[in-house]
Every structure is written in structure tokens, then in C-alpha cells.
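See below for the structure under consideration.
Here the structure is a predicted model, which means the values were calculated and not measured. Just the heavy atoms: all of them, side chains too, but no hydrogens, waters or symmetry mates, feed the values below.
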Amino acid sequence: MEIGIDSFAATIPNPATGHTVPAVDRMEALLAEVETADRVGLDVFGIGEHHRKEFLDSAPAIILAAAAARTSRIRLTSAVTVLSAADPVRVFQDFATVDLIAKGRAELVVGRGSFGEAYPLYGFAMNDYDALFVEKLGLLLQLREETHVEWQGRFRPALTGQGIFPRPVQAKIPVWLGVGGTPHSFARAGSLGLPLMVAIIGGSFDRFRPLVDLYREAGRHAGHTPEALKVGIHAMGFVGDTDEAAADAFFPGWAYMATEIGRERGWSKATRDQFDAMRGPHGAFLIGNPQTVRDKILAANEALGGISRLTFQMSSAMLETEAMQRSIELLGTEVAPAVKAALGKAPHHG
């Protein structure tokens, strides 16, 4: 199992003081987090894509390029590229360029986006939500295969054999399909034989087992090998020296974000009781000391029939810079080796 981190480059006010860290300082802290993750042997670091005031990740490829120049081993991925509202040609060029800077460590997780801001921003209609994604995913996958592409669709000008440059170091940049809870999305990923990245940010891991089984069955039905049908999980996670230290570092930022976004979606205010339930034995938050987090990862792996990649969404703890660095170190030096040992694989030290 690969273990890593996803960041949304969150920049939110401290609930206690009302002070917001300047964006330039937050970005520097984020790049330092990637450097630490690389140093302690984590496998992957992802940058999300949002177009909101709470996040600095509207141009993830640029952040990943900066991270690529400051790291040597860790794989660097989007988490998630909002492909429906993007030009697949530009996305491919951006990530091929990151791959050159990273010497072959770039990846993509593509999806339709859990927020809708990108659609009006770039002039796309939400009622074309699925059609946009299907068409653009098809083009992106064709761009991986061919340098001179002939293609025609509804949402961008036709390609008539133009060369798409630069080409990446890797023969094929890995493209994962990012999904939430829509059965059709799981089945589509399986039919295409693409690795799956499932966002599980609430509830329990085991309730996603039927959807993961649907993905695997669709993949088998389409003739793809089990090895091609990787399942990744994106989950809320944070490691501290004690369960209480981890929870206390993560909760204030999580509560702020959950309440702000929940207000837009008609949810009630986020509470500590909800949070504590989600980090309990049956909840999907991987928050606690190294042993607690290790045990929950292994339980999630069992519940879902095997996980190939697990990425921790830690952005909510950005208010606690020292705790964030400590969490990344514990994840890389204690949790990841313990999980890999339990799964019968030696830790990977680069």
C-alpha cells in the first residue's frame, strides 16, 4: 500500500484570533510539508483544485512543479483536477511539464469536482456535468497514447493532427479516476481499467464496499487484469503523539471548514461530538496516535478488499504548523512502515 498526503492549500482564519496566515507564508509552509513528506519516505503528495477564497490551489500544476524541484523521490499528483471545466490539452501539457521537472514522478487524479465554482468561471454549464467529463476524459486518455491527435467533440475545437508537446518522461502518466459516491462513476472507472481514487470524508469505510466491488466487477467484465484495478482512498487523517493531541490539532480547522461549506449546502453546524464519532472505531477519520491510525488503516484495507493507495487530507490542521510537520514525520516514519510490515511488505526507503 502506498501512503501519502493530499493538500488543498487551505488558508483559513484562526478561530481563536481571527488572524489568517498570509497567502505567501501558507504557500511556503505547504512546500515545506512536501519536502518533509519526501524526506520521511512517504509515497505520494497530492494537490487539490478549488476556486474559492479558503484555498490557494486553483493552479495545482504550478504548485506541483515547485514541489517537484524541491523533492527527489515522492510521487506528485493532482487531487483532483476538475477535468470537466478544463482543456485536456492544457492539462496534459501542464502535467507532462511537471513530469519533466520531477524526472518521471507526476500523476493525475481527474474528476468532475465536488464544488461547482469552476464551471461558471470557465464558461461551462452544470447541466453538461457528465457529458463534459466523459468527452474530456476520452481526449485526455487519447493524448497519453498519441502525440499527433485527430479528435472531434462538442466542448472544444477539433484536433486535426497537431502535435501535443512536451511529452512526459513516463510512457504514460498515471491517470486515476476520482469519485465520490455515484455508482455510475465506479462502474465507468472499472470499464476503462483506470485506477480508482475514492473520497471517503464521512460515514464509514465499509459502506463503500459495494461500490468498490462494482468497480472491480466492471473491470473484470471489460477484460482488465486485477492488477490494473487499483483502489485508492482519500480520507481525513492526522497523526499526533497521542490521540488527544491529534484530535485537538485537527478539530478547529475541520470545524471551521465543515461549518462554512455546510452553511452553503444546508447542513447544521459541525460539532465536537460529530468529530469524535468520526474518529472513533467505526468512523472514517484516520486521526490519532501512530498505533490508532495504523489499526484503522488496516481495518479500512480489510473492509474494502485491499487498498493500493491511501492519502491523508490534512489541510484542516494548517493552523498548527509544528503539529502538521510532526504529523507528516510520524506518518512517514512510524505509521507507513508499520502498515507495510503488517501487510507483509518491507518499508520503502527510496
message: Tell me if a side-chain donor or acceptor on Asp38 pairs with a main-chain N or O of Ser72 at a distance below 3.5 Å.
response: yes
query: Considering residues, nucleotides and ligands other than Arg90, do more than 12 of their heavy atoms fall under 6.0 Å from its CZ?
result: no
message: By the salt bridge (Lys or Arg N to Asp or Glu O under 4.0 Å) test, which pairs, at least two apart or in different chains, include something from residues 161-170?
response: none
query: Quick one: ring-ring contact (aromatic ring centres under 6.0 Å, His included) partners of His50, sequence neighbours excluded?
result: Phe8, Phe55, Phe115
message: Just verifying a value: how many Å separate Arg216 CZ and Leu214 CG, rounded to the nearest 0.5 Å?
response: 11.5 Å
query: Rounded to the nearest 0.5 Å, how far apart are OG1 of Thr81 and CZ of Phe95?
result: 4.0 Å
field: Arg272 charged N/C atom sitting above Phe251 aromatic ring, 6.0 Å / 45°
entry: yes
Give every donor-acceptor pair under 3.5 Å between a side-chain atom in residues 186-208 and any protein atom, sequence neighbours left out.
residue	atom	partner	partner atom	Å
Arg188	NH1	Asp130	OD1	3.4
Arg188	NH2	Asp130	OD1	3.1
Ser191	OG	Ala187	O	3.0
Ser204	OG	Asp206	OD1	2.6

query: Hey, is Arg309 close enough to Glu107 for a salt bridge, meaning N to O under 4.0 Å?
result: yes
message: According to ring-ring contact (aromatic ring centres under 6.0 Å, His included), who are the partners of Phe155, at least two apart in sequence or on a separate chain?
response: none
message: Quick test of your reading of the model: are Lys230 and Glu2 salt-bridged, counting only N-O distances below 4.0 Å?
response: no
field: Which residues share a side chain to side chain contact (heavy atoms under 4.5 Å, CB included) with Arg326, sequence neighbours left out
entry: Asp241, Glu329, Leu330
field: Carboxylate-amine/guanidinium contact Lys172 Asp99, below 4.0 Å
entry: no
field: Centroid separation Phe285 to Trp254 less than 6.0 Å
entry: yes
message: Is there a salt bridge (charged side-chain N to carboxylate O under 4.0 Å, His left out) between Arg156 and Asp87? Walk through the geometry before answering.
response: CA-CA 8 Å; Arg156 64 146 288 146; Asp87 179 353; 2.8 Å; yes
- request: Report the C-alpha distance between Arg52 and Glu264 in whole Å, list the side-chain angles of each, state the deciding distance to 0.1 Å, and finish with yes or no for salt bridge (charged side-chain N to carboxylate O under 4.0 Å, His left out).
  value: CA-CA 13 Å; Arg52 304 170 56 93; Glu264 298 172 14; 2.6 Å; yes
query: Hey, does the side chain of Ser327 reach the backbone of Ala323 with a donor-acceptor pair shorter than 3.5 angstrom?
result: no
message: Could you tell me if Lys136 sits above the aromatic ring of Phe124, with its cationic atom closer than 6.0 Å to the ring centre and no more than 45 degrees from the axis?
response: yes
- request: Name all pairs fulfilling the side chain to side chain donor-acceptor pair (under 3.5 Å) condition that reach into residues 296-308, sequence neighbours left out, sorted by first residue then second.
  value: none
- prompt: Hey, does the side chain of Arg154 reach the backbone of Ala131 with a donor-acceptor pair shorter than 3.5 angstrom?
  reply: no
field: Main-chain N/O of Ser7 paired with Ser315 side-chain donor or acceptor, under 3.5 Å
entry: no
query: Has the side chain of Thr259 got a donor or acceptor atom that lies under 3.5 Å from a matching backbone atom of Ala270?
result: yes
message: With rounding to the nearest 0.5 angstrom, report the CE to CG distance, Met1 to Asp43.
response: 10.5 Å
